[in-house]
Amino acid sequence: MDHPASRSPAWFPLALAACVFVLTGAFFLVSQIEHPLPEGADGTANQIYSWLEWLCGIGLLIGVNLALASAAIARRGPPQRAWAALLVAVALVFGLGYLWSIAVMQAMQALSDNLSAMVLYRWVPPLNAAKVVVTSSIGLAVAFAVGGRGPMPVIWSGGQRRLIGALVAFGVCAGVLLLLQHSLSRFTALDDNAQRHGMTLAALGIGTVHALCWALLPVRRGSGAMPALISALLTPVLIVLPALPLVLLGDKLGLAELLVIVLLLLFVAPVLASLLVVWLHRRRYPAVQA
């Protein structure tokens with residue numbers, strides 16, 4: 001029989017996020033031990049940045065699963081057999097992800113005779129994003145079918161909205177920005193380690209600012225996961241679009257001025273995205289309580 005705590009609507013999404021975080025961290029640690037980086041200052045720095053990149057990447061997986069699980073609970077209620085649903089979700093998310101990676105690797109090997117490695121590598125970031133969405137959707141659909149429907153209506157507390165919204169905001173924002181960086185590295189000279197490390201730190205910083213916004217400005221209704229997801233996807237758009245004029249004006253601005261503008265742009269964008277989504281959500285639900 002499931003523990004009473006598992007009846008809380010936040011239990012399943014947060015337990016799934018914790019399992020994904022711990023298991024992927026264990027797998028990554030084993031890979032680091034089996035394939036250690038060279039010793040020395042550079043090796044230590046690269047190892048630290050590899051963990052930071054892992055944090056961005058796993059943040060996307062956790063954020064998407066939190067958002068999808070919260071949306072399913074809003075429609076179906078917390079799963080009656082919560083532990084069974086959790087085990088099925090974890091097994092399918094990892095199992096389907098592994099099968100997806102094998103299928104992509106074999107497809108690239110088959111296409112390598114006709115296409116260059118550079119062309120094939122350009123498809124890796126979008127395929128990784130598709131893997132997260134597809135495998136998580138299938139895994140959670142089967143898990144909720146196994147878990148069964150729960151009591152309705154679902155009541156979310158303010159603290160649950162803040163926590164889930166902040167986790168989704170951080171994970172999806174940092175993960176999407178990392179995928180964009182990886183995509184750009186296939187077309188530009190951003191594949192240099194120093195520049196990649198800088199982009200990783202920027203993604204973590206922007207994701208942290210975004211998470212703080214959703215921790216301080218929760219929505220009035222639901223779990224807060226879907227609005228935070230929309231805001232996380234809007235943030236890169238608000239960064240890229242204003243940055244396009246800087247490409248044309250870069251020669252007319254000094255290095256210090258350009259740096260200040262870029263830093264302001266990077267850290268104002270998540271705040272603007274959060275405020276816009278929260279404002280639209282509160283206009284739609286002006287006086288609705290949980």
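Keep in mind the model is a prediction, meaning the values are calculated, not measured.
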Out of curiosity, does [Y] fall in the hydrophobic cluster containing [X] (side-chain heavy atoms, cut-off under 4.5 Å, transitive links)?
X: Val168; Y: Leu233; answer: yes
X: Leu212; Y: Val219; answer: no
X: Val20; Y: Leu23; answer: yes
X: Ile206; Y: Leu201; answer: yes

How long is the span from the [atom1] atom in [X] to the [atom2] atom in [Y], to the nearest 0.5 Å?
X: Leu99; Y: Leu96; atom1: CG; atom2: CG; answer: 6.5 Å
X: Thr24; Y: Ile58; atom1: OG1; atom2: CD1; answer: 3.0 Å
X: Arg162; Y: Leu216; atom1: CZ; atom2: CG; answer: 7.0 Å
X: Tyr49; Y: Leu204; atom1: OH; atom2: CG; answer: 10.0 Å

Would you list the pairs meeting side-chain hydrogen bond (donor to acceptor under 3.5 Å, both in side chains) in which at least one residue belongs to [range], sequence neighbours left out?
range: residues 234-244; answer: none
range: residues 87-108; answer: Ser101-Lys131
range: residues 163-176; answer: none

Distance-only check: which donor-acceptor pairs under 3.5 Å involve side-chain atoms of residues 60-71, not counting sequence neighbours?
unit_1, atom_1, unit_2, atom_2, d
Asn65, ND2, Leu61, O, 2.8
Asn65, ND2, Ser136, OG, 3.0
Ser70, OG, Leu66, O, 2.8

Show me the donor-acceptor pairs within less than 3.5 Å that the side chains of residues 263-281 make with the rest of the protein, sequence neighbours left out.
unit_1, atom_1, unit_2, atom_2, d
Ser274, OG, His210, NE2, 3.4
Ser274, OG, Trp214, NE1, 3.2
Ser274, OG, Pro270, O, 2.8

Minimal non-hydrogen separation, [X] against [Y], with atom names:
X: Met152; Y: Arg76; answer: SD-C, 3.8 Å
X: Pro13; Y: Pro9; answer: CD-O, 3.2 Å
X: Ala203; Y: Cys56; answer: CB-SG, 4.1 Å
X: Ala129; Y: Leu179; answer: CB-CD1, 3.6 Å
X: Ala215; Y: Pro218; answer: O-CD, 4.2 Å
X: Ile73; Y: Pro78; answer: CG2-N, 3.9 Å

Show me the donor-acceptor pairs, under 3.5 Å and distance only, between side chains in residues 138-151 and residues at least two apart or in other chains.
none

Set of residues satisfying side-chain contact (heavy atoms from CB on, under 4.5 Å) with respect to Ile33, sequence neighbours excluded: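 Applying side-chain contact (heavy atoms from CB on, under 4.5 Å) to Ile33 gives Leu29.
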List the residues meeting side-chain contact (heavy atoms from CB on, under 4.5 Å) with Leu127, not counting sequence neighbours, and say none if there are none.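 Counting only residues at least two positions away or on another chain, Leu127 forms a side-chain contact (heavy atoms from CB on, under 4.5 Å) with Val104, Met108, Trp123.
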Using a 3.5 Å cut-off and no angle test, enumerate the donor-acceptor pairs between side-chain atoms of residues 170-178 and protein atoms at least two apart in sequence or in another chain.
none

Any side-chain heavy-atom pair of [X] and [Y] under 4.5 Å:
X: Leu16; Y: Phe12; value: yes
X: Ile164; Y: Trp156; value: yes
X: Leu180; Y: Ile239; value: no

Using only atom types and a distance under 3.5 Å, with no angle test, would you say the side chain of Ser31 pairs donor to acceptor with the backbone of Phe28?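 It does hold such a pair.
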Apply side chain to side chain donor-acceptor pair (under 3.5 Å) to Ser137 and list each qualifying residue two or more places apart in sequence or on a separate chain.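 Scan of Ser137 (side chain to side chain donor-acceptor pair (under 3.5 Å), adjacent residues dropped) gives none.
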Check: residues 86-95 side-chain donor-acceptor pairs under 3.5 Å, at least two apart:
none

